[in-house]
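Letters go in sequence order (proteins before strands), and every chain restarts at 1. If you're wondering where the values come from, they're calculated on a predicted model, not measured in any experiment.
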Amino acid sequence: MRWSQYFIPTLREDPADAEVISHKLLLRAGVVRQLSAGIYSFLPLGQRIALKVMQILREEMNHIGGQEFFLPALHPAEIWKESGRWDAIGPDMFRLTDRKQAEMCLGMTHEEVFTSIARNELRSYKQLPQVWYQIQVKFRDEARPKSGLMRLRTFIMKDAYTFDVDNAGLDRSFADQREAYKRIFDRCGLKYVMVEASSGAMGGAESNEFVARTEAGEDLIATCANCGYAANLEKAISEPTHPNDDGGPEAPENFPTPGVRTIEDLTTFPGGAPGNRQIKTLVYMPGEKGWGNVPTTPILVLLRGDHQLHDTKLMDAFGGAEVRPARPEEIREILGAGPGSLGPVGARTRITTRATRWIKQGDKDVEIWKYPEVHIIADEALKGRRNMTTGANEDDVHKRGVDVERDADIDKFVDLRTVTAGETCARCKTGVLEVYKAMEIGHIFKLGTKYSKSMGATVLNKDGKPVPIVMGSYGIGVERIITAAVEQNNDDNGIVWPRAIAPFDVVVTITNMKQEDLREAGEKLYKELQRAGLDVLLDDRDERAGVKFKDADLIGIPYRITLGKKISDGIVELFDRQTKQNEDVKLSEVVSRVQALALAAL
RNA sequence: CGGGGCGUAGCACAGCCUGGUAGUGCGCUCGGUUUGGGACCGAGAGGUCGGAGGUUCAAAUCCUCUCGCCCCGACCA
């Protein structure tokens, strides 16, 4: 392309709306423009980048036997009702009605459509496995789109689905996808890790998330440099350290603690206890939807005083159910004390017998227990602990000498606490965990039979019996790859595209368009580079050299060939955007040099 | 959905408090000088001040409503 004719609207200043570096640079480099919140247009440069990413996705999907489809983005409500997700998904789904008032939606993912094809067409285990994928636009009405292309309302996704006859087959398909994902992200030049993740409402047993480290990311990742352990903080565990529990009363005993409201207060209070010898008691309630027929079931969450609860772990402990912190007035109603003096000892009896409410039965009011049940759930770090101090469910009173398993009446121990940096790795027991921010770039799920069962997708197995197809689903966001690439590869002068996804391989900069010898040499070099199979941008604009250098750096083309004064000696300069090295090269050799460099990147 | 901020020329912003001719820089057009890291001089073009209503002799400026965008939180198949 000739720059003088090509649409690359670069900006000298940072746009006011952009906060994160990738957003600023993608706008400044003329890659994208915003249309509305979370809705962006790819400009020609952006489209070239997206096409290169998509080509890599295609090649790697095809490499593991993937077959490319193209499904509709507009779906009838019917299939979503069959899978149960029409009701399960909230306002994140764009819904509309057609002219006949039939309900429709814009696809936020394609499990339903692919499953409907599978159930109509797949009949025998002999047809399996199948690996199906597409590269399609998704629509999600995000509550808060943000950070440029990081969180969008409409975006391009490569989504793949595998169909196997049994779990062993799914394991193989899943492993294939995982390896393909690694090759994809490697080729795209990203620094990433694969982590264990929560499956959320997607359902299914196992899921791995691929994340790229960046300060702009929304996820927190714990990693161990020693053994390579990596997990999303919503799953991450660490090796607990237990203090010595000896000393203290044999049985729980109350003691006055006037004015003590927090864990911290109690650590300095005379006769108190350090944070790691306290039990923190939190009260949670089911979310707005409630849990089935149980009207309100308080949840007591117990943690070591110096530990922090991780919300997602709590929700996962209840099968992904929605929970919310109890309001102060609810806590007082439930336990008879304010936050700051809560504890598990005797709490179950207190809760289930304390509060009453009145309901109409026929024409008279009947008194019933308001909270007939309570869940008491404790973090694993409390297992076996003795001589602990906690609230006594009475304002300004605490209780010491508490043996967790003996006195706290716990329903179950689960991992609930948030891992923090500096803790010991639970896997290798020697490494120290690091916690950093990252963004999700891909996610692979073992779905199992969730969709095949609800939508009736079965095949006949070897014994002639119908069995539900065992499915997996695998997604990569194209804009996420682009965003992560910019987040991880930039400097003061602009973007430094990884070679494989750069919009052009090389830019030929004619430093002065008034000099005919430079123009001629540039034209000739442009054609030769193209003939060598390279994507070339010829900067033939009538601008000063400085402007051209600044722009070339900003849009991040990996190599720049500068035609200047030394052209009379048959010498040009080869500039490496990444290393910033500028090297004199013979004009006669520069094509093969650049060709070798560019091909090495693929 | 809760909290905060912002809408004035293509971009970045000033002007608003204290009502009275709509400004600056960059970019754009034309002419000239320049020509290796975002040149300089001169002359221009370009804005219903997000929208609607109100107060006033007079509204970018004050009031009400509304729309949009950004940030924090909640949420996130």
Side-chain angles (χ1 to χ4, degrees), chain A residues 9-20 23-24 27-28 30 33-40 75 80 83-94 105-112 138-148 150-153 155 157 159 197-204 207 209 216 218-219 232 234 287-288 311-312 315 320 322-325 439-440 443 445 447 450-451 473 475 477 492-494 509-515 518 539 541-555 560-567 572-573 575 580 582:
Chain A
T10 57
L11 268 25
R12 293 195 181 208
E13 293 175 272
D14 285 338
D17 280 348
E19 193 93 356
V20 302
H23 191 197
K24 288 180 184 174
L27 289 169
R28 283 192 57 203
R33 284 294 182 262
Q34 182 177 31
L35 181 62
S36 181
I39 306 177
Y40 283 79
H75 303 177
W80 288 82
S83 74
R85 291 209 287 185
W86 183 262
D87 294 320
I89 294 173
D92 274 15
M93 181 148 66
F94 282 103
C105 67
L106 299 178
M108 53 198 303
T109 177
H110 281 78
E111 278 80 8
E112 279 77 1
K138 307 289 189 220
F139 297 89
R140 297 181 187 180
D141 196 1
E142 290 284 349
R144 184 147 99 81
K146 58 178 287 197
S147 305
M150 183 123 13
R151 180 178 284 274
L152 294 165
R153 295 201 292 167
F155 58 94
M157 180 182 247
D159 47 325
S198 166
S199 299
M202 197 71 184
S207 97
E209 208 173 44
E218 301 178 283
D219 289 350
N232 194 306
E234 59 195 29
E288 300 307 321
D311 293 357
T312 308
M315 290 190 238
E322 194 188 328
V323 296
R324 63 167 174 84
M439 62 182 288
E440 182 180 1
H443 208 153
F445 295 90
L447 292 177
K450 174 175 164 150
Y451 296 91
S473 120
D492 290 346
N493 294 321
T509 300
I510 300 172
T511 53
N512 188 338
M513 288 299 287
K514 299 255 188 321
Q515 277 180 243
L518 290 182
D539 195 347
R541 295 175 297 168
D542 189 12
E543 292 284 354
R544 294 162 62 91
V547 173
K548 297 189 177 192
F549 296 154
K550 287 286 185 190
D551 272 344
D553 285 353
L554 177 60
I555 70 173
R560 185 182 80 215
I561 300 172
T562 310
L563 306 188
K565 298 183 197 83
K566 288 171 263 182
I567 196 73
V572 298
E573 287 166 30
F575 178 76
K580 299 183 188 175
N582 216 355

Both distances below 3.5 Å, Watson-Crick or wobble geometry, any strand: find the nucleotide opposite rC75(B). none

Base-pairing mate for rU61(B) - Watson-Crick or G-U, with both contacts under 3.5 Å: none

Salt bridge check: are Asp553(A) and Arg560(A) linked by an N-O gap of less than 4.0 Å? yes

Separation between the C1' atoms of rA9(B) and rA45(B), rounded to whole Å: 11 Å

Which pairs, protein N/O on one side and nucleotides 22-26 of chain B N/O on the other, fall under 3.5 Å?
residue	atom	partner	partner atom	Å
rG25(B)	N2	Glu13(A)	OE1	3.2

Can you tell me how far P of rG37(B) sits from NZ of Lys580(A), to the nearest Å? 16 Å

As its Watson-Crick or G-U partner within any shown strand, both distances under 3.5 Å, rU55(B) has none

Proximal nucleotide (of rC28(B), rU35(B), rG37(B)) relative to the Phe575(A) side chain: rG37(B)

Mind checking whether His110(A) and His75(A) have parallel, tilted or perpendicular rings, split at 30° and 60°? perpendicular

Within the 4.0 Å limit for protein heavy atoms, which parts of nucleotides 69-76 of chain B are touched? Write it as a string from 5' to 3', B for base, S for sugar-phosphate only, - for none. SSBBBBBB

In whole angstrom, give me the gap between the C1' atoms of rU56(B) and rG19(B). 9 Å

Side chain to side chain contact (heavy atoms under 4.5 Å, CB included) with Asn512(A): which residues, sequence neighbours excluded? Lys514(A), Gln515(A), Leu518(A)

Once you round it to whole Å, what is the distance between C1' of rG2(B) and CZ of Arg324(A)? 16 Å

Any-strand Watson-Crick or G-U partner of rA39(B), both distances under 3.5 Å: rU33(B)

Asn512(A) (side chain) and rG36(B) (base): donor-acceptor pair under 3.5 Å: no

State the pairing partner of rU21(B); accept Watson-Crick or G-U wobble contacts with both distances under 3.5 Å, and report none otherwise. none

Does the side chain of Arg85(A) pick up a donor-acceptor pair with the side chain of Tyr451(A) at under 3.5 Å? yes

Cationic N near anionic O, under 4.0 Å, Lys24(A) to Glu19(A): no

Taking a pair as Watson-Crick or G-U wobble with both distances under 3.5 Å, which nucleotide is matched to rA45(B)? none

Nucleotide paired to rG10(B) in any strand shown, Watson-Crick or G-U, under 3.5 Å: rC26(B)

rG38(B) base / Asp551(A) side chain donor-acceptor hit below 3.5 Å: yes

Decide yes or no, distance alone: a donor-acceptor N/O pair under 3.5 angstrom between the base of rG38(B) and the side-chain of Arg28(A). yes

Checking Thr10(A) against Asp551(A): is there a side-chain donor and acceptor pair closer than 3.5 Å? yes

